[in-house]
Amino acid sequence: MKRLFRGGTVVSGSAAFRADVLTEGEKIIRVAPEIEESADEVVDCSGKLLLPGFIDAHTHFDLDVCNTTTADDFYSGSRAALRGGTTTVIDFACPNKGESLGYGLELWHKKAEKCQCDYGFHMTIDDWNESIEAELDDMFAAGIPTFKMYMTYPAMMIGDGPMYEAMKAIHARGGLCGVHCENSGVIDSLVAEKKAAGENSVCCHPETRPDYLEAEAVSRLLRIAQAADSPIIIVHTTNAAAMEEVAHARDRGQTVYVETCPQYLTLDKSCYYQEDWLESAKYVCSPPLRTEYDQAVLWQGLRDGAVQTVSTDHCSFTTAQKLAGKDSFTAIPGGMPGVETRGEVVYTAGVASGRIDLPTFVRALSENPARLYGLYPRKGVLAAGSDADIVIYDPAADHVLTAEGTASKCDYSPYEGFKTVGSIEQVYLRNALAVNHGAVQETQGIYLKRGASTL
Ligand code: URP
Ligand code: ZN
Ligand code: ZN
């Protein structure tokens with residue numbers, strides 16, 4: 001089946017230009033100013049933007065965590081992703097401590113069988129020993145060259161020495177580590193102080209996880225990466241102090257990739273100080289939301305290339321699940337939905353507000369994640385030979401975000417009432433219509449074996 005997308009503005013990571021896009025089967029076969037060739041279907045794209053399907057390199061679907069399971073599994077999560085223009089997710093396979101990587105991978109393949117968009121996995125390293133190291137080659141062979149480690153959460157963290165060893169072993173095989181940076185020990189002490197003082201409001205969450213304890217962990221991680229002589233990815237970066245540490249490491253000659261998320265670009269810590277407990281709890285995530293100044297530094301980072309990617313850290317819990325933390329702020333499940341709203345929120349707050357230009361938007365949501373996570377040029381660009389993952393964005397179709405009618409199983413939106421500039425009109429997954437004016441069609445995602453980073 002040949003489909004011609006006619007009359008739109010194609011956006012790449014370096015330019016926005018008038019072009020038609022011709023697809024056949026699952027692929028793009030031509031991108032050119034005027035394509036005269038006949039097609040089975042012509043999609044009128046005049047006045048619209050044609051964007052490469054977004055890649056969300058940071059989702060948590062069907063994750064058992066905080067004594068519960070995330071609201072979104074791979075079915076609802078991937079439908080939410082598609083509705084938000086995301087045609088590929090990279091989720092974190094997460095074996096528990098004591099379980100093998102192979103077991104975790106098998107489990108995640110099972111969970112993802114119902115995934116509607118294309119998907120890959122990062123592997124979580126929450127244990128480090130000879131048998132885990134012996135499994136690394138199998139992970140690379142399975143198309144998993146990226147690994148996540150935690151500097152917080154007792155159930156997940158492995159400590160500085162093992163992190164150094166894991167980083168070295170992974171780098172030696174051509175892989176990359178992404179790390180959650182927060183100083184666990186001091187956070188625990190701050191939490192104990194709050195509890196001893198009888199404080200339990202939601203704002204205890206950000207107050208016990210301040211920006212400088214994230215920056216400390218970033219700084220320590222970067223020195224560990226220096227010792228391991230390894231490039232590194234800092235995931236869900238939230239603040240200016242952390243970005244300063246990144247700048248120092250880059251000045252020393254280190255290769256550091258920075259991911260941030262829409263919530264850190266657009267929401268601030270006042271969300272935790274609302275009168276209504278549940279309204280505040282909806283925004284509990286780690287690291288927490290910061291200040292408008294931190295947002296400005298992250299936008300600046302996107303403009304000047306200090307920040308490479310905007311993923312979501314989609315980790316959704318319903319309001320009923322959030323209520324489990326009513327009597328203890330540390331029991332509020334940490335995480336927010338985001339996969340369905342990323343494109344429109346970042347377009348509105350970024351492109352339409354003049355903070356970033358269109359190519360920067362496409363670099364952050366499509367091209368850079370494709371390059372960094374070994375999917376480029378199959379994904380991340382509208383070019384001959386690439387998968388026909390296409391988002392048609394109508395910059396004139398403003399609307400208001402709401403939880404009603406979303407594909408996610410989360411019953412609230414952190415962006416309730418947010419006025420978008422424009423809308424995602426249609427989404428194509430390998431040339432199959434996956435979303436039409438908000439209506440998500442049944443599609444079937446495929447597992448993507450990923451290669452080495454090319455960013
Ligand atoms: O609070 C968050 N971000 N939960 C998801 C897990 C993580 O730390 O990435
Ligand atoms: Zn994390
Ligand atoms: Zn995460």
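Order of appearance sets the numbers: ligands from 1, and atoms from 1 within every ligand. Since this is a predicted model, take the numbers as computed values, not measurements.
Ring orientation note: the planes of Tyr153 and Tyr150 are tilted relative to one another, at an angle of 30° to 60°. Taking the six-membered ring where tryptophan is involved, the planes of Tyr119 and Phe121 are tilted, since the angle between them lies from 30° to 60°. Between His122 and Tyr373, the angle of the ring planes goes over 60°, which puts this pair in the perpendicular group of the 30/60° scheme. In this structure, His236 and Tyr264 have perpendicular ring planes: the angle between them is above 60°, well past the 30° mark.
Relative to the ring axis of Phe329, Lys195 places its NZ or CZ within 45° and under 6.0 Å from the centre.
Nearest protein neighbour of atom 3 (N) of ligand 1, counting heavy atoms only, is Asp313 OD2, 2.6 Å. Of the protein's non-hydrogen atoms, the one nearest atom 1 (O) of ligand 1 is Ser286 N, 2.8 Å. When hydrogens are left out, the protein atom nearest atom 4 (N) of ligand 1 is Gly334 O, 3.1 Å; that is the closest non-hydrogen contact. Among all protein heavy atoms, the one lying closest to atom 6 (C) of ligand 1 is His60 NE2, 3.5 Å.
If you look at the Zn ion (ligand 3), the protein N, O or S atoms less than 2.8 Å from it are His58 NE2, His60 NE2, Asp313 OD1.
Between Glu442 and Lys114, none of the side-chain N atoms (NZ, or NE/NH1/NH2) sits under 4.0 Å from a carboxylate O, so this pair counts as no salt bridge. Using a cutoff of 4.0 Å between basic side-chain nitrogens and carboxylate oxygens, Lys379 and Asp387 are scored as salt-bridged.
Donor-acceptor pairing under 3.5 Å is lacking for the side chains of Asp126 and Thr124.
The two atoms that bring Ser286 and Asp313 nearest to each other are O-OD2, 4.3 Å, heavy atoms only.
Residue Cys315 has no N or O atom closer than 3.5 Å to an N or O atom of ligand 1. For a threshold of 3.5 Å applied to N or O pairs, the pair formed by His180 and ligand 1 contains at least one separation below that value.
When heavy-atom distances to ligand 1 are checked against a 4.0 Å cut-off, Cys285 comes that close through both its backbone and its side chain. Here Met336 has no heavy atoms under 4.0 Å from ligand 1, in either its backbone or its side chain. Under 4.0 angstrom from ligand 1, the non-hydrogen atoms of Lys148 all belong to its side chain.
Ligand 1 lies nowhere less than 4.0 angstrom from a heavy atom belonging to Phe92.
Considering only residues two or more places apart in sequence or on other chains, Asp64 meets the side-chain hydrogen bond (donor to acceptor under 3.5 Å, both in side chains) condition with Thr69.
Thr260 pairs in a side-chain contact (heavy atoms from CB on, under 4.5 Å) with only one of the listed residues (Ile234, Leu265, Asn239), which is Leu265.
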